[in-house]
There are 2 protein chains.
Amino acid sequence: MPRAGLAPAAVIEAGAALADEVGLDNLTMGLLAERVGVRTPSLYKHVDSLDALRRGIGMRAKAEFAVALARAAVGQSGAAAVHAFADAYRAWTLEHPGRYAATVRAPEPGDEEDRQVSDESIQILFDVLTGLGLPESRAIDAARALRSSLHGFASLEAGGAFGLDRDVTESYHFMVDALIAGFTAP
Amino acid sequence: MPRAGLAPAAVIEAGAALADEVGLDNLTMGLLAERVGVRTPSLYKHVDSLDALRRGIGMRAKAEFAVALARAAVGQSGAAAVHAFADAYRAWTLEHPGRYAATVRAPEPGDEEDRQVSDESIQILFDVLTGLGLPESRAIDAARALRSSLHGFASLEAGGAFGLDRDVTESYHFMVDALIAGFTAP
DNA sequence: CTCTCTGGCTAATGCGGTTAGCTTATAGCT
DNA sequence: AGCTATAAGCTAACCGCATTAGCCAGAGAG
């Protein structure tokens, strides 16, 4: 009987791809096993549990997401950097809905590895916002506001909550513009 | 053997309360059955399925949420109305996390009853925003933006994503202020 | 070539949702 | 009050999915 030649990283990667296709909530050990050409129990030789699989997908996704965000914002400054960041944010979530859902889970308390990866995107967000010239005391507020808005928009869009005909991309740009204007207002 | 005297509405209500306690995702037929003092299969005399239960909780919650929002905003106008709306939004979600999670699910296509209840909150949101004197063409954009931001904030806060010490309520007010300023900016 | 380690498999457990089919409390009628 | 039909509850059973136990063989190290 030939081996499938799996490795934990390959299982996580396949899981991430599958999550994008069927949704993180519908990701099942049986489905993933079929995808990688193996029987369900064999997966446990590579991942500890379904929960561990989700954590692995989440950490991998957080790292990929941070790279995409950084690449988009690099070389830009001020409002343009914020827009580039926001556009990359939305594009990535639309392209990788399953991965994105996995990135939303906050790390378990004490999970240093996860916390570190999670902080990467936050750091980029901070860097982008400091380019707006915000006073130090408002940086955290602005970061929370922008993150909430982008996440909420992505979450609602993915859930099909924007029924009206009006162009969704335009609404997105309007929101980001409004936030930038509000951040830098007197 | 005495009857428990259940009714569908009572089951939904108990389910909503239980969802607030354990989280919508952890709401189980067995748990709810125990709560209402009945064996699991007996629940099916009152609700068609777990999914139907969630729909019922969602519709009930949407109606309650709309009432809370309307009550908060009534009699106010302009920015004050928006703040009252936003504060009521956050307070309600913190108080009813399970119910709130149930309100997020978009209605199934063709589910008129659900769609109608879902539209109530949206309508209140529109009414509050028109008080800002927005041009008609921007009303939808602003509604989407505010909803996204409030939902995203609530969602992240519930998920424990705001780790830093900085006061969360202040960040929330900052976000709402920024949006209002941005909406009404030139 | 052999030994060991490890990935893969089958069988089995347990939980959660759901269905089938029986039993009887209770409402409504006479 | 007695009779009956309906419907609420119950037990038994099924199915899907996560997970564990224990066996077997492929592949690399020597």
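These figures come from a predicted structure and were not determined experimentally. Per chain, numbering begins at 1; letters A, B, ... match sequence-line order.
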For [X], give me all partners under side chain to side chain donor-acceptor pair (under 3.5 Å), at least two apart in sequence or on another chain.
{"X": "A/Asp48", "result": "none"}
{"X": "B/Ser42", "result": "none"}
{"X": "B/Ser148", "result": "none"}

Whole angstrom is fine here: how far is it from [atom1] in [X] over to [atom2] in [N]?
{"X": "B/Leu43", "N": "D/dA7", "atom1": "CG", "atom2": "P", "result": "18 Å"}
{"X": "B/Glu34", "N": "C/dC15", "atom1": "CD", "atom2": "C1'", "result": "14 Å"}
{"X": "A/Arg39", "N": "D/dA25", "atom1": "CZ", "atom2": "P", "result": "17 Å"}
{"X": "A/Lys45", "N": "C/dC5", "atom1": "NZ", "atom2": "P", "result": "14 Å"}

(Q) Tell me every residue that passes salt bridge (charged side-chain N to carboxylate O under 4.0 Å, His left out) with A/Asp127, counting only those two or more places apart in sequence or in another chain. (A) none
Q) Stepwise, does the side chain to side chain contact (heavy atoms under 4.5 Å, CB included) test hold for A/Tyr172 with A/Phe162? A) CA-CA 11 Å; A/Tyr172 190 69; A/Phe162 295 146; over 6 Å; no
Please list, one pair per line, the donor and acceptor atoms closer than 3.5 Å that link side chains of residues 66-86 of chain B to other protein atoms, with sequence neighbours excluded.
{"residue": "B/His83", "atom": "NE2", "partner": "B/Asp177", "partner atom": "OD1", "Å": "2.6"}

Set out, line by line, the N/O atom pairs under 3.5 Å between protein and nucleotides 18-21 of chain D.
{"residue": "D/dA18", "atom": "OP1", "partner": "A/Thr28", "partner atom": "OG1", "Å": "2.9"}
{"residue": "D/dA18", "atom": "OP1", "partner": "A/Met29", "partner atom": "N", "Å": "3.4"}
{"residue": "D/dA18", "atom": "OP2", "partner": "A/Thr28", "partner atom": "OG1", "Å": "2.7"}
{"residue": "D/dA18", "atom": "OP2", "partner": "A/Met29", "partner atom": "N", "Å": "3.1"}
{"residue": "D/dT19", "atom": "OP2", "partner": "A/Tyr44", "partner atom": "OH", "Å": "2.9"}
{"residue": "D/dT19", "atom": "OP2", "partner": "A/Leu50", "partner atom": "N", "Å": "2.8"}
{"residue": "D/dT19", "atom": "O5'", "partner": "A/Tyr44", "partner atom": "OH", "Å": "3.4"}

Q. Just to confirm, is there a sub-4.0 Å distance from OP1 or OP2 of D/dG9 to any side-chain nitrogen or oxygen of B/His46?
A. yes
Q. Does A/Ser42 place a side-chain N or O at less than 4.0 Å from the phosphate oxygens OP1/OP2 of C/dC9?
A. yes
